Amino acid sequence: MLVAVDIGNTNIVIAVHDGMRWVQSFRMYSDQKKTSDEYFVVLDSLMSHAGLHKHDINRAVISSVVPNLTRSMQKNIIRLFDVQPLMVDHQVETGLKKETIPEELGSDLLANAAQAHYVHPNQPVVVVDFGTALTLTTVDSDGAVLGASIAPGLVTAVNALFGNTAQLPQVELKIPQTVIGRNSQESIRSGIMFGYAGMVKAIIERTEQELGCEVFVIATGGLSQTIAPLIERINQISAMHTMDGLRLISELN
């Protein structure tokens with residue numbers, strides 16, 4: 001079995017693949033104050049409760065955009081499963097043209113691009129990832145990474161409002177019935193959901209104008225299913241897209 005780890009700014013996602021499907025997935029808060037030993041206890045507990053044991057895992061792959069947590073997670077995977085994890089960087093095989101990968105492209109976006117090109121090799125693809133940051137990564141039909149657009153994520157935007165305004169409440173993000181809110185919660189919900197839907201559509205349209213052709217759009221990330229009904233340009237929702245990309249990279253290396 002393969003254990004894939006995606007270390008993000010807000011959460012660490014850990015998933016286990018048995019060769020056919022993802023059989024388990026876990027999510028924990030990315031806490032840079034936790035020691036390596038504390039993470040070991042959490043990981044060990046999660047795996048034990050899921051009925052997974054050391055001998056079940058024979059491969060591991062790690063993507064990280066949080067350098068302070070990278071080494072800790074790497075050590076704990078080795079400690080738990082006695083396997084050396086593949087650390088995703090720009091030097092590993094991804095199925096993409098290495099010379100086109102931007103120097104600052106995060107390993108999570110690299111996994112997104114790799115999986116997008118693998119499943120749709122004959123057309124340009126935009127992967128919209130609704131995470132801590134909203135990212136739109138574009139790869140063309142030749143496997144060249146064209147680049148990305150980045151904006152604050154939906155929850156990040158709401159938290160910024162909540163943290164910097166005395167009278168605005170924290171709200172649950174869901175599609176509002178009307179664009180004109182009659183109270184603070186409805187108004188915030190409208191501004192965020194309709195606003196972000198419009199932003200994504202506008203970036204996709206501008207991308208197509210720059211490329212001179214239509215793109216295939218894949219949505220992933222925690223809020224992708226929530227906001228997708230507002231964005232008719234989304235062709236596919238893939239909740240495990242980034243993890244599938246890490247599995248692909250693991251197989252290619």
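This one's a predicted model, so the numbers in the text were calculated from it and none came from an experiment. Residues take their numbers from the sequence shown, with the count starting at 1.
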So, the side chain of Lys98 versus the backbone of His90: is there a donor-acceptor pair under 3.5 Å, distance only?
->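 Answer holds: no.
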Report the residues that fulfil side-chain hydrogen bond (donor to acceptor under 3.5 Å, both in side chains) with [X], sequence neighbours left out, ordered by chain and then residue number.
{"X": "Thr94", "value": "none"}
{"X": "His241", "value": "none"}
{"X": "Glu208", "value": "Arg233"}
{"X": "Glu210", "value": "none"}

Minimum heavy-atom separation for [X] to [Y], with atom names?
{"X": "Val66", "Y": "Gly8", "value": "CG2-O, 3.3 Å"}
{"X": "Gly147", "Y": "Pro102", "value": "CA-CG, 4.5 Å"}
{"X": "Asn76", "Y": "Ser36", "value": "ND2-O, 3.0 Å"}
{"X": "Arg79", "Y": "Asp37", "value": "NH1-OD1, 3.2 Å"}
{"X": "Leu230", "Y": "Ala197", "value": "CB-CB, 3.7 Å"}

Can you tell me how far apart [atom1] ([X]) and [atom2] ([Y]) are? Round to the nearest 0.5 Å.
{"X": "Ser30", "Y": "Ile7", "atom1": "OG", "atom2": "CD1", "value": "7.5 Å"}
{"X": "Arg206", "Y": "Lys201", "atom1": "CZ", "atom2": "NZ", "value": "15.0 Å"}
{"X": "Glu251", "Y": "Arg247", "atom1": "CD", "atom2": "CZ", "value": "5.0 Å"}

Check the hydrophobic clustering (I, L, V, M, F, W, Y; side-chain heavy atoms under 4.5 Å; chains of links allowed) and say if Ile234 and Ile203 are grouped together.
-> yes
Pairs where residues 7-46 contributes a residue and the test ring-ring contact (aromatic ring centres under 6.0 Å, His included) is met, not counting sequence neighbours |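 Every pair satisfying ring-ring contact (aromatic ring centres under 6.0 Å, His included) with a residue in residues 7-46: His17-Trp22.
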Result block: side-chain N/O donor-acceptor pairs under 3.5 angstrom for residues 127-141, not counting sequence neighbours:
unit_1: Asp129; atom_1: OD2; unit_2: Asn112; atom_2: ND2; d: 3.1
unit_1: Thr132; atom_1: OG1; unit_2: Thr10; atom_2: OG1; d: 2.4
unit_1: Asp140; atom_1: OD1; unit_2: Asp142; atom_2: N; d: 2.9
unit_1: Asp140; atom_1: OD1; unit_2: Gly143; atom_2: N; d: 3.1
unit_1: Asp140; atom_1: OD1; unit_2: Ala144; atom_2: N; d: 2.9

Modelled atom types, side-chain donor and acceptor of Arg71 and Gln74, under 3.5 Å |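 Yes - a donor-acceptor pair under 3.5 Å links their side chains.
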